[in-house]
Amino acid sequence: MPELVIQLTRAGFLALLWLFVLAALRVVRSDLYAASGLRASVPNTRRAQPRQPKGAKSPRQLLVTQGALAGTRIALDGRPISIGRADDSTLVLDDDYASTRHARLVLRGSDWYVEDLGSTNGTYLDRAKVTGPTRVPLRAPIRIGKTVIELHS
């Protein structure tokens, strides 16, 4: 085999190796920025949603309905709930489709809102992708990877 073909093959494999390394570094970099909270906030573009009628029960717990943690309950005490693979998350997911810092549930007034924290695979509220802070009604499914959670009274 000619020496030129061998050298070109070596150079091609070396280029592919470097592309793989750069892609891996890009993923690590995005996870580090998401973990440090340096992502830019998304402008508030949510649509007006109807409020719960008076006398309706307010959510008191977060229930995992599908996934590896099905049946897990977390009491809602007004503090934000972080969801992701990070060890310091309130709900730690062992899910290949969840990011380190995937989503957050926050209480605003008497309503709970879900926010996606720049995850790779997205957060879905009742089949709609969450693009900004979105109010979560009772028993509406929130899908993060293979895990589904709901707010219950």
Do [X] and [Y] touch side chain to side chain, with heavy atoms closer than 4.5 Å?
X	Y	result
I142	L105	yes
I74	L91	yes
Q66	R143	yes
I144	L93	yes
D111	Y113	yes
V114	R104	no
L63	T72	no

Check the hydrophobic clustering (I, L, V, M, F, W, Y; side-chain heavy atoms under 4.5 Å; chains of links allowed) and say if [X] and [Y] are grouped together.
X	Y	answer
L76	I83	yes
L14	F20	no
I81	Y124	no

Closest non-hydrogen atom pair between [X] and [Y], with its separation:
X	Y	answer
Y97	N121	O-ND2, 3.0 Å
T147	V64	CG2-CG1, 3.8 Å
W112	P59	CD1-CG, 3.8 Å

>> Apply side chain to side chain donor-acceptor pair (under 3.5 Å) to residues R139 and H152 and explain how you reach the verdict.
In response: CA-CA 6 Å; R139 297 187 181 266; H152 286 252; 3.2 Å; yes
>> Taking side-chain contact (heavy atoms from CB on, under 4.5 Å) as the criterion, tell me which of T123, L125, D126, D116 meets it with T134.
In response: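 The single option meeting the side-chain contact (heavy atoms from CB on, under 4.5 Å) with T134 is L125.
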>> Check E115 with R135, please: is the shortest side-chain N to carboxylate O separation under 4.0 Å?
In response: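 Looking at E115 together with R135, the answer is no, because their closest N to O distance does not fall below 4.0 Å.
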> Do other residues, nucleotides or ligands put more than 12 heavy atoms under 6.0 Å from D88 CG?
Replying inline: yes
> For D77, does the CG atom have more than 12 heavy-atom neighbours from other residues, nucleotides or ligands under 6.0 Å away?
Replying inline: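 Yes, because the 6.0 Å sphere around CG of D77 holds more than 12 heavy atoms from other groups.
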Would you tabulate the side-chain donor-acceptor contacts of residues 4-13 under 3.5 Å, counting partners in other chains and residues two or more places apart, or write 'none'?
{"residue": "Q7", "atom": "NE2", "partner": "E3", "partner atom": "OE2", "Å": "3.2"}
{"residue": "T9", "atom": "OG1", "partner": "V5", "partner atom": "O", "Å": "2.8"}

>> My understanding is that only residues two or more places apart in sequence, or in another chain, count here; which of them pass side chain to side chain contact (heavy atoms under 4.5 Å, CB included) with S89?
In response: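 With neighbours one apart ignored, the set is S82, A86, V92, R101.
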> Do you see a donor-acceptor pair shorter than 3.5 Å between the side chains of R85 and H102?
Replying inline: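 No - no donor-acceptor pair under 3.5 Å links their side chains.
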